[in-house]
2 protein chains.
Amino acid sequence: MKQLREKIASEGRVLSGEVLKVDSFLNHQIDPKLMQAIGEEFSRRFKNDGVTKILTIESSGIAPAAMAGLTMGIPVVFARKRASLTLTEGLISSEVKSFTKQTVNTISVSGDYVTADDTLLIIDDFLANGQAALGLLDISGQAGAKVAGIGIVIEKGFQNGGKLLREQGVRVESLAIIESLADGKVAFREES
Amino acid sequence: MKQLREKIASEGRVLSGEVLKVDSFLNHQIDPKLMQAIGEEFSRRFKNDGVTKILTIESSGIAPAAMAGLTMGIPVVFARKRASLTLTEGLISSEVKSFTKQTVNTISVSGDYVTADDTLLIIDDFLANGQAALGLLDISGQAGAKVAGIGIVIEKGFQNGGKLLREQGVRVESLAIIESLADGKVAFREES
Ligand SMILES: Nc1nc2c(ncn2[C@@H]2O[C@H](COP(=O)(O)OP(=O)(O)O)[C@@H](OP(=O)(O)OP(=O)(O)O)[C@H]2O)c(=O)[nH]1
Ligand SMILES: Nc1nc2c(ncn2[C@@H]2O[C@H](COP(=O)(O)OP(=O)(O)O)[C@@H](OP(=O)(O)OP(=O)(O)O)[C@H]2O)c(=O)[nH]1
C-alpha cells in the first residue's frame with residue numbers, strides 16, 4: 001500500500017535492527033484518515049470472502065479494525081489482554097508468549113460475540129513473531145468460527161510470524177512488508 | 001443523542017445499581033457505524049472550538065475518538081496505562097485512582113504529541129468517578145495545552161465525575177447521561 005509505505009518512510013523511526021517506531025500515526029498518535037485508507041484497503045482484499053465480523057486485539061489493532069469494520073459494514077470485536085469490569089463470563093481464552101519478556105499472557109474474547117456462525121477477518125497492527133495472531137486464531141477455532149484471513153498493517157518479513165501463519169494455510173494480507181531494518185533504514189519487500 | 005439512548009435501551013444490560021454493561025457495541029464488540037455517528041456528534045459540538053487534536057485513553061476510548069478525529073480531520077492520541085515497546089521517552093504522566101481496586105495507576109502520553117500549541121478535545125467512553133478524565137486533564141496541563149472540553153459517550157450522572165469536572169469549569173459534553181440504574185432499569189436524564 002503506497003500511502004502506507006510513504007508514511008513509514010517519512011515518519012517511521014528505526015530503533016534497532018528489530019524494532020520500527022511508528023508512534024506518530026499508528027501506535028500512540030493515530031492518523032484517522034490513514035486508518036480509513038487502511039480499512040478501505042483491507043475491505044478491498046476481503047470484501048468477497050463472506051466476512052461477518054472483524055477480530056482484533058487491544059490496543060493498536062482497534063483503530064485500523066474499526067475503520068475496516070466501518071467500510072465493510074460489520075462489527076469489530078477486540079480481544080482483551082487483561083480483566084475488564086464487564087468481560088467476566090463466557091470467555092474464550094488463549095495463551096500468548098512474549099519472547100522479549102519471557103512471559104505468557106492470557107487473551108480473551110466473549111463467546112457471545114465470536115461464534116460458529118462467524119467468518120472472521122483477523123486484523124492487527126504489527127506481525128512480528130506471530131504469537132498474538134496465533135492466539136486469535138486459537139480463539140477463533142475454539143469458537144468454531146471460520147477465518148477468512150489475517151489483515152496486518154505492518155509485517156516484519158525478517159521475523160517468523162508470516163512464515164508460521166502461511167505454513168498453516170492461513171491467508172495473510174500485509175499492507176507493508178519490511179524486509180529489513182538494518183543500518184537504521186527501512187527496506188520494503190517489493191509489492192507483489 | 002437519540003440513536004445512542006436507543007442502543008443502550010435495547011442492548012445495555014444493567015449489572016447492578018452502579019454498572020451498565022454495553023459490551024455488545026462499545027466495550028468489547030464495537031458497532032463502527034454507531035461509533036461514526038458518535039464521532040460526528042462530538043464534531044458538531046466542538047467543531048468551532050479550534051480543536052487541533054483529540055486525546056483519549058486505551059482501550060474503549062479509541063474507537064469513538066478515532067471516528068471523531070476522522071470527522072474533524074485531526075489526529076488522535078491515546079494515553080497508555082502500561083509500558084509499551086516504543087513509548088519510552090519524553091513521557092508526561094499522571095496518577096489515576098481506582099476506588100474499586102483501591103490502587104493507583106500511572107497513565108502516560110508522549111510530549112512529542114501533546115504540546116503547548118494544542119487545543120485538545122478529551123474523549124472517553126464512560127464518565128463515572130472522573131479519575132481518568134482528571135488524569136488526562138492533568139497531562140494536558142503539564143503539556144501546556146488548552147482543553148476545549150471533554151466529550152463522553154455515556155455519563156453516569158449519579159456518580160461524582162461530572163460534578164467534579166464541571167465544578168472546575170471544564171465543559172463536559174455527554175452523549176447520554178444515565179440518571180439511575182436502580183431496579184435493573186436504565187433511566188436517562190432528560191435531553192437538555
Ligand atoms: N512499534 C512496534 N511494535 C512492535 C514491533 N514488533 C513488535 N511490536 C509490538 O510489540 C508487542 C509484542 O511484544 P511482546 O508481547 O513482548 O512479544 P515478543 O517479545 O515476543 O515480540 C506487540 O504490541 P501490542 O501487544 O500489539 O501492543 P499495543 O500497541 O496493541 O498496546 C507488537 O505489536 C515493531 O517493530 N515496532
Ligand atoms: N461498562 C462499564 N464500564 C464502566 C462503568 N463504570 C466505570 N466503568 C469503567 O470501569 C473502569 C474504571 O474502573 P477503575 O479504574 O477500577 O475505577 P473505579 O473503581 O474508581 O471506578 C474504566 O474502564 P477503562 O479503564 O476505561 O477500561 P477500557 O474499557 O478502556 O479498557 C471505566 O470506563 C459502567 O457502568 N459500565
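Small disclaimer: the values here were computed from a predicted structure and weren't measured. Every chain is numbered from 1, with letters handed out A, B, ... down the list of sequences.
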- Stepwise, does the side-chain contact (heavy atoms from CB on, under 4.5 Å) test hold for A:Val76 with B:Gln29? CA-CA 6 Å; A:Val76 174; B:Gln29 177 166 265; over 6 Å; no

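- There is a path of hydrophobic side-chain contacts, each under 4.5 Å, that joins B:Ile8 to B:Val153.
- Closest heavy-atom contact between A:Ala66 and B:Met67: O-CE, 3.8 Å.
- There is no side-chain donor-acceptor pair under 3.5 Å between B:Thr86 and A:Asn27.
- Under a hydrophobic-cluster definition in which Ile, Leu, Val, Met, Phe, Trp and Tyr are linked whenever side-chain heavy atoms come within less than 4.5 Å, directly or via other members, A:Ile152 and A:Met1 are assigned to different clusters.
- Residues B:Ile74 and B:Ile150 are members of separate hydrophobic clusters, defined by side-chain heavy-atom contacts under 4.5 angstrom among Ile, Leu, Val, Met, Phe, Trp and Tyr.
- Rounded to the nearest 0.5 Å, atoms OG (A:Ser59) and CZ (B:Phe78) are 5.5 Å apart.
- Placement of A:Leu4 and A:Val14 within a single hydrophobic cluster is found when ILVMFWY residues are connected by side-chain heavy-atom separations under 4.5 Å, directly or transitively.
- The contact list for residues 31-52 of chain A toward chain B, using heavy atoms and a distance under 4.5 Å, reads A:Pro32, A:Lys33, A:Gln36 by residue number.
- Heavy atoms of B:Val109 lying under 4.5 Å from chain A belong to its backbone as well as its side chain.
- Between the CG atom in B:Asp23 and the CG atom in A:Asp112 there is a gap of 8.5 Å [rounded to 0.5 Å].
- The contact between A:Leu87 and chain B is made by backbone and side chain atoms together, counting heavy-atom distances below 4.5 Å.
- A 4.5 Å side-chain heavy-atom check between B:Ile62 and A:Ile30 finds at least one atom pair inside the cut-off.
- Hydrophobic clustering of Ile, Leu, Val, Met, Phe, Trp and Tyr side chains at less than 4.5 Å, counting indirect connections, keeps A:Val170 apart from A:Phe126.
- Both the backbone and the side chain of B:Leu70 have a heavy atom closer than 4.5 Å to some heavy atom of chain A.
- With a 4.5 Å cut-off on non-hydrogen atoms, A:Leu55 does not touch chain B at all.
- Looking at A:Ser24, the atoms closer than 4.5 Å to chain B (heavy atoms on both sides) sit in the backbone and in the side chain alike.
- In terms of heavy-atom pairs under 4.5 angstrom with chain A, the leader among B:Lys21, B:Met72, B:His28 is B:His28.
- The part of A:Ser108 that comes within reach of chain B is its backbone (N, CA, C, O), which places non-hydrogen atoms under 4.5 angstrom from that chain.
- The number of heavy-atom neighbours closer than 6.0 Å to NZ of A:Lys97, taken from other residues, nucleotides and ligands shown, is 12 or below.
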